[in-house]
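Residue numbers run from 1 in the order of the sequence given. Reckoned from all heavy atoms, side chains included, excluding hydrogens, waters and symmetry mates.
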Amino acid sequence: MTTRAKDTIYRNNDPVSAFVFDDKVADVFTDMINRSVPGYSTIIAMIGTLAERYAQDDSLCYDLGCSLGAATLAMRANIKAKGCWIVAVDNSAPMIDRFQQVLNKDKRSIPVQLQCADISDVDIGNASVVVLNFTLQFVAQQKRAELIRRIYDGLRPGGMLILSEKIHFEDAELNTLFIDLHHRFKEQNGYSQTEISRKRAAIENVLVPETLRAHESRIRAAGFASFAVWFQCFNFASMVAVK
């Protein structure tokens, strides 16, 4: 696994610029996401469990927006199907470079193909499992429906999409409550109020959350037969859809 360097990116007083997955973020990403997303380790572990159940022989499993490869490694550790490959894609070269270093030390046998590319440009086919783990929220909203349709078309019958996202609530009071609880979670993990505020400013308009209703509507419109929210903590949720 990657060294867990501490995230101190937003401690300084430099002007806040839009959030990007650059070298600075890649260096501290493991610490950042574990201290920022409640239930992240549970989601990663269960991606491995779900992949074990749904991966089909001689198929591809995709990790779209793989970052440092946590979901890929969870799938690699659990998949029992024969002849499976994992295709891990991210448009951040620093993320892919660091994931390659991790992968070089991983001794499991399932082949992994790394691609530094925009996930909207990746051909998806012969897939039994597709993972979008906190990825869709960074895709322009007008492009999200087409991506989900392409995933559906590229999945085998019985294949699964696993989608984890930060979510927005239609009820304004509940939306405020869960944002506040999320910020409290980050405080309890050592982030100062200043860091939280600066990170929020950096990520505004870069990460655009949607409601669970919007996600379900898009997924069902693409043709998926089944949809469920299997995990939720505050304003973070993970969903599954089966073709």
Practice problem: Quick one: closest heavy-atom pair of V129 and A55, and the distance? | Solution: CG2-N, 3.8 Å
Quiz prompt | Common cluster, F185/I33, ILVMFWY with side-chain heavy-atom separation under 4.5 Å | solution = no
Quiz prompt | Heavy atoms from other residues, nucleotides or ligands near CD of E173 exceed 12 (cutoff 6.0 Å) | solution = no
Exercise. Using atom types as modelled and distance alone, determine if a side-chain donor or acceptor of T135 lies under 3.5 Å from a backbone N or O of L64.
Key: yes
Quiz item: Once you round to the nearest 0.5 Å, how far does CG of N175 lie from CG of N235?
Solution: 7.5 Å
Quiz item: Looking only at heavy atoms, what is the nearest atom pair of A237 and L212, with distance?
Solution: CB-CD2, 4.0 Å
Practice problem: Could you state whether I151 and I219 fall into the same hydrophobic cluster, counting links through intermediate Ile, Leu, Val, Met, Phe, Trp or Tyr residues with side-chain heavy atoms under 4.5 angstrom apart? | Solution: yes
Exercise. Compare every heavy atom of A127 with every heavy atom of V130, then report the nearest pair and how far apart it is.
Key: CG2-CB, 4.0 Å
Quiz item: Do the side chains of L132 and I119 get nearer than 4.5 Å, heavy atoms only?
Solution: yes
Quiz item: Do the non-hydrogen side-chain atoms of L114 and F99 ever get within less than 4.5 Å of each other?
Solution: yes
Quiz item: Below 4.5 Å, heavy atoms only, C-beta onward: do S67 and D90 meet side chain to side chain?
Solution: yes
Quiz item: Between L161 and L155, what is the shortest heavy-atom contact and its length?
Solution: N-CD1, 4.3 Å
Quiz prompt | Side-chain heavy atoms of E210 within contact of R144, under 4.5 Å | solution = yes
Quiz item: Could you give all pairs that pass the salt bridge (Lys or Arg N to Asp or Glu O under 4.0 Å) test and reach residues 225-243, with sequence neighbours left out?
Solution: none
Quiz item: Do you reckon L136 sits in the same ILVMFWY cluster as V208, going by side-chain contacts under 4.5 Å, direct or chained?
Solution: no
Quiz prompt | Partner of V102 by side-chain contact (heavy atoms from CB on, under 4.5 Å), out of T72, L68, L73 | solution = L73
Self-check item: Ion pair check, D58 and K82, cut-off under 4.0 Å
Solution: no
Quiz item: For atom CH2 of W85, is the number of surrounding heavy atoms from other residues, nucleotides or ligands below 6.0 Å larger than 12?
Solution: no
Practice problem: Mind jotting down which residue pairs meet the salt bridge (Lys or Arg N to Asp or Glu O under 4.0 Å) criterion with at least one end in residues 111-132? Sequence neighbours excluded, please. | Solution: none
Exercise. With sequence neighbours excluded, give me every side-chain hydrogen bond (donor to acceptor under 3.5 Å, both in side chains) pair touching residues 14-26.
Key: N12-D14, D23-R98
Quiz prompt | Side chain to side chain, K186 and S36, heavy atoms closer than 4.5 Å | solution = yes
Quiz item: Any side-chain donor paired with an acceptor under 3.5 Å for D97 and Q101?
Solution: no
Self-check item: Rounded distance (nearest 0.5 Å) linking atom CG of N91 with atom OG of S120
Solution: 9.0 Å
Practice problem: If a pair satisfies ring pair (Phe, Tyr, Trp, His ring centres under 6.0 Å) and one of its residues is in residues 154-173, list it, with sequence neighbours excluded. | Solution: F169-F178
Exercise. Using modelled atom types only, decide if a donor and an acceptor are shared between the side chain of N104 and the backbone of Q100 within a distance under 3.5 Å.
Key: yes
Quiz item: Counting distance only, does the side-chain N/O of R108 pair as donor-acceptor with the main-chain N or O of R76 below 3.5 Å?
Solution: no
Quiz item: Under a 4.5 Å side-chain heavy-atom rule over Ile, Leu, Val, Met, Phe, Trp and Tyr, are L60 and I86 clustered together?
Solution: no
Practice problem: Give, for atom CZ of R200 and atom CG of L207, the distance between the pair rounded to the nearest 0.5 Å. | Solution: 11.5 Å
Quiz item: Can you name the side chain to side chain donor-acceptor pair (under 3.5 Å) partners of R220, sequence neighbours left out?
Solution: E216
Exercise. Could you tell me whether H215 and F227 have their ring centroids closer than 6.0 angstrom?
Key: no
Quiz prompt | Side-chain donor-acceptor contact under 3.5 Å, Q193 with E195 | solution = no
Self-check item: Shortest non-hydrogen separation from A117 to V89 and the atoms involved
Solution: O-CG1, 3.5 Å
Determine all donor-acceptor pairs shorter than 3.5 Å in which one atom belongs to a side chain in residues 41-54; sequence neighbours excluded.
| residue | atom | partner | partner atom | Å |
| --- | --- | --- | --- | --- |
| T49 | OG1 | A45 | O | 3.4 |
| E52 | OE2 | K80 | NZ | 3.4 |

Quiz prompt | Partners passing side chain to side chain contact (heavy atoms under 4.5 Å, CB included) against C233 (at least two apart in sequence or in another chain) | solution = P38, F231
Self-check item: Spacing of CD belonging to Q188 relative to CZ belonging to R184, to within rounding of 0.5 Å
Solution: 4.5 Å
Quiz item: When rounded to the nearest 0.5 angstrom, what is the spacing between SG in C66 and CE in M75?
Solution: 9.5 Å
Quiz prompt | Beyond-backbone contact of T8 with V28, side-chain heavy atoms, under 4.5 angstrom | solution = no
Quiz item: Which ring pair (Phe, Tyr, Trp, His ring centres under 6.0 Å) pairs, counting each pair once, include a residue from residues 17-49, with sequence neighbours left out?
Solution: F19-F21, F21-F138
Self-check item: Side-chain donor or acceptor of T176 paired with backbone N/O of A172 under 3.5 Å
Solution: yes
Quiz item: Which pairs count as salt bridge (Lys or Arg N to Asp or Glu O under 4.0 Å) when at least one residue sits in residues 60-71, sequence neighbours excluded?
Solution: none
Self-check item: All pairs passing side-chain hydrogen bond (donor to acceptor under 3.5 Å, both in side chains) where residues 149-165 contributes a residue, at least two apart
Solution: Q56-R156, N126-R156, N133-S164, E146-R149, S164-S238
Self-check item: In one Ile/Leu/Val/Met/Phe/Trp/Tyr side-chain cluster, 4.5 Å: I96, M32
Solution: yes
Quiz item: Going by heavy atoms in the side chains, are I9 and V25 under 4.5 Å from each other?
Solution: yes
Exercise. Kindly compute the distance separating OH (Y191) from CZ (R198), expressed to the nearest 0.5 Å.
Key: 13.5 Å
Self-check item: Residue pairs fulfilling salt bridge (Lys or Arg N to Asp or Glu O under 4.0 Å) with at least one residue in residues 29-39, sequence neighbours excluded
Solution: R4-D31, D31-R35
Practice problem: Taking side chain to side chain contact (heavy atoms under 4.5 Å, CB included) as the test, write out the residues that go with L177, two or more places apart. | Solution: L174, L181
